[in-house]
Amino acid sequence: EFSVMGLFGMEKNEKLQKIMNKHKEMECPQLRIDAKVHLPLHSEDPSQPVNLFFSPTKSGWKGQSLHYEFDQSKNSSRRQLEIARGESRLAKTIVRRMETKNVQLSVYFQHQQEPKEEDKAASSWFFGRSKTKPEPPTQETDQTKDTLLGKATVGLRQLLSRNCIAWDYPFLVNTKQIGGSIRICLRTNPPLDVEQFEGIQDNELPKLSTYDSGLLFTFNATQEGDTALTDPDKKVE
């Protein structure tokens with residue numbers, strides 16, 4: 001599962017600053033994110049990467065900062081990929097390729113600034129499931145004139161020893177930071193490679209419950225001398 005959690009500091013992006021200076025009448029620039037997953041996930045043609053497309057569900061200014069919100073219940077913020085498992089040739093190839101392959105993220109300024117259409121709810125093993133099956137991602141019809149604002153690269157090797165990657169990645173142009181960053185989360189369930197997996201077992205997972213608009217985690221001690229959070233009324237931020 002691939003989730004875009006947010007865009008930050010885009011008002012500092014050098015290329016976007018030039019565009020906004022040229023179009024001073026523009027209220028809030030609309031952006032899109034293209035993700036290219038360099039893994040042989042297509043059984044018909046394993047040499048082809050998987051292309052995913054994301055866009056903010058809400059955007060606007062908060063003071064002097066651009067704010068882009070990604071609703072994790074929407075398909076425009078989160079996508080699921082089918083990954084071969086087990087002892088098949090394709091499954092073994094995927095695990096082997098993940099040692100060196102990555103996901104390349106590109107953020108674009110959309111020159112056609114159109115109102116955003118209503119997005120459909122997405123299903124997720126982490127955030128919950130909807131009753132409808134998510135549709136496959138489709139590319140925008142007219143992207144030839146959109147301006148690239150920067151790229152970020154996420155290595156996939158970490159997903160062999162854990163089943164979740166969450167981090168902020170700065171946008172670069174020719175290895176130089178150009179301004180702005182993207183927060184993404186990659187999750188797999190179950191682990192892709194049991195032999196390399198270093199995560200905790202199912203019976204050691206923290207209990208998860210909600211309160212107000214946040215989360216409450218309750219951990220159990222796994223070894224003698226470990227400290228554990230056992231007070232269910234204590235809130236952890």
Exercise. Excluding sequence neighbours, so at least two apart, what forms salt bridge (charged side-chain N to carboxylate O under 4.0 Å, His left out) with E99?
Worked result: R157
Exercise. Do V4 and L172 belong together in a cluster built from hydrophobic side chains that touch within less than 4.5 Å?
Worked result: no
Seminar exercise, completed: dist R97:CZ -> L90:CG (nearest 0.5 Å) comes out at 9.5 Å
Seminar exercise, completed: The reported gap from NZ in K151 to OH in Y108 (rounded to nearest 0.5 angstrom) is 6.0 Å
Exercise. Heavy-atom distance under 4.5 Å between the side chains of Y68 and P29, does that happen here?
Worked result: yes
For this session: Applying side-chain contact (heavy atoms from CB on, under 4.5 Å), run through L186 and C164 and close with a yes or a no.
Result: CA-CA 6 Å; L186 299 178; C164 183; over 6 Å; no
Exercise. Is Q64 atom CD crowded by more than 12 heavy atoms from other residues, nucleotides or ligands, each under 6.0 Å away?
Worked result: no
For this session: Please name the pair of heavy atoms, one in L41 and one in E82, separated by the smallest distance, quoted to 0.1 Å.
Result: CD2-O, 4.3 Å
Exercise. Of all residues at least two apart in sequence or in a different chain, which pass the side-chain hydrogen bond (donor to acceptor under 3.5 Å, both in side chains) check with N102?
Worked result: none
Exercise. Does T57 use its side chain to pair, donor to acceptor, with the backbone of D71 at less than 3.5 Å?
Worked result: yes
For this session: Supply the atom-to-atom distance Q48 CD to K36 NZ, rounded to the nearest 0.5 angstrom.
Result: 9.0 Å
For this session: Quick one: closest heavy-atom pair of A152 and Y169, and the distance?
Result: CB-CB, 3.9 Å
For this session: Could you pull out the closest heavy-atom pair between F70 and I33, with the gap in Å?
Result: CZ-CD1, 3.8 Å
Exercise. Hey, what do you get for OG (S3) to CZ (R183), rounding to the nearest 0.5 Å?
Worked result: 13.0 Å
For this session: Determine whether V103 and T153 make a side-chain contact, defined as any pair of heavy atoms from C-beta on separated by less than 4.5 Å.
Result: no
Problem set entry | Any donor-acceptor N/O pair, H38 side chain to K101 backbone, under 3.5 Å | no
Problem set entry | Residues in side-chain hydrogen bond (donor to acceptor under 3.5 Å, both in side chains) contact with R85, at least two apart in sequence or another chain | none
For this session: Scan for side chain to side chain donor-acceptor pair (under 3.5 Å) pairs involving residues 8-24, sequence neighbours excluded, and state none if there are none.
Result: none
Exercise. Within a strict 4.5 Å, meaning less than it, do heavy atoms of the F109 and L31 side chains meet?
Worked result: yes
Exercise. Distance only, no hydrogens: is a donor on one side chain within 3.5 Å (strictly under) of an acceptor on the other, for H67 and S59?
Worked result: no
Problem set entry | S181 versus M10, closest heavy-atom pair with distance | N-SD, 4.3 Å
Exercise. Would you say the side chain of I94 lies within less than 4.5 Å of the side chain of P40, judging by non-hydrogen atoms?
Worked result: yes
Exercise. Going hydrophobic residue to hydrophobic residue with side-chain gaps under 4.5 angstrom, can you get from L159 over to I83?
Worked result: yes
Exercise. Any ion pair linking E1 and R79 (charged N to carboxylate O, less than 4.0 Å)?
Worked result: no
Exercise. How many angstroms lie between atom OG1 of T93 and atom CG of L39, to the nearest 0.5 angstrom?
Worked result: 11.0 Å
Exercise. Is there a donor-acceptor pair closer than 3.5 Å between any side-chain N or O of D34 and the backbone N or O of V107?
Worked result: no
Exercise. What is the minimum heavy-atom distance between Q158 and G155, and which atoms define it?
Worked result: NE2-O, 3.8 Å
Problem set entry | Side-chain heavy atoms of I165 within contact of L156, under 4.5 Å | no
For this session: Quick one: list whatever passes ring-ring contact (aromatic ring centres under 6.0 Å, His included) with F2, sequence neighbours left out.
Result: F54
For this session: Output the distance between atom NZ (K74) and atom NZ (K58), rounded to the nearest 0.5 Å.
Result: 9.5 Å
Seminar exercise, completed: On a heavy-atom basis, the closest approach of C28 and G60 is SG-N, 3.4 Å
Let me check something: any side-chain donor-acceptor pairs from residues 173-180 under 3.5 Å, sequence neighbours excluded? List them with distances.
none

Exercise. Are the side chains of L16 and L66 in touch, meaning some heavy atoms are under 4.5 Å apart?
Worked result: yes
Exercise. Are the side chain of W167 and the backbone N or O of V154 linked by a donor-acceptor pair below 3.5 Å?
Worked result: no
For this session: Go through F53 and N75 one step at a time and tell me if the side-chain contact (heavy atoms from CB on, under 4.5 Å) criterion holds.
Result: CA-CA 10 Å; F53 306 97; N75 280 328; over 6 Å; no
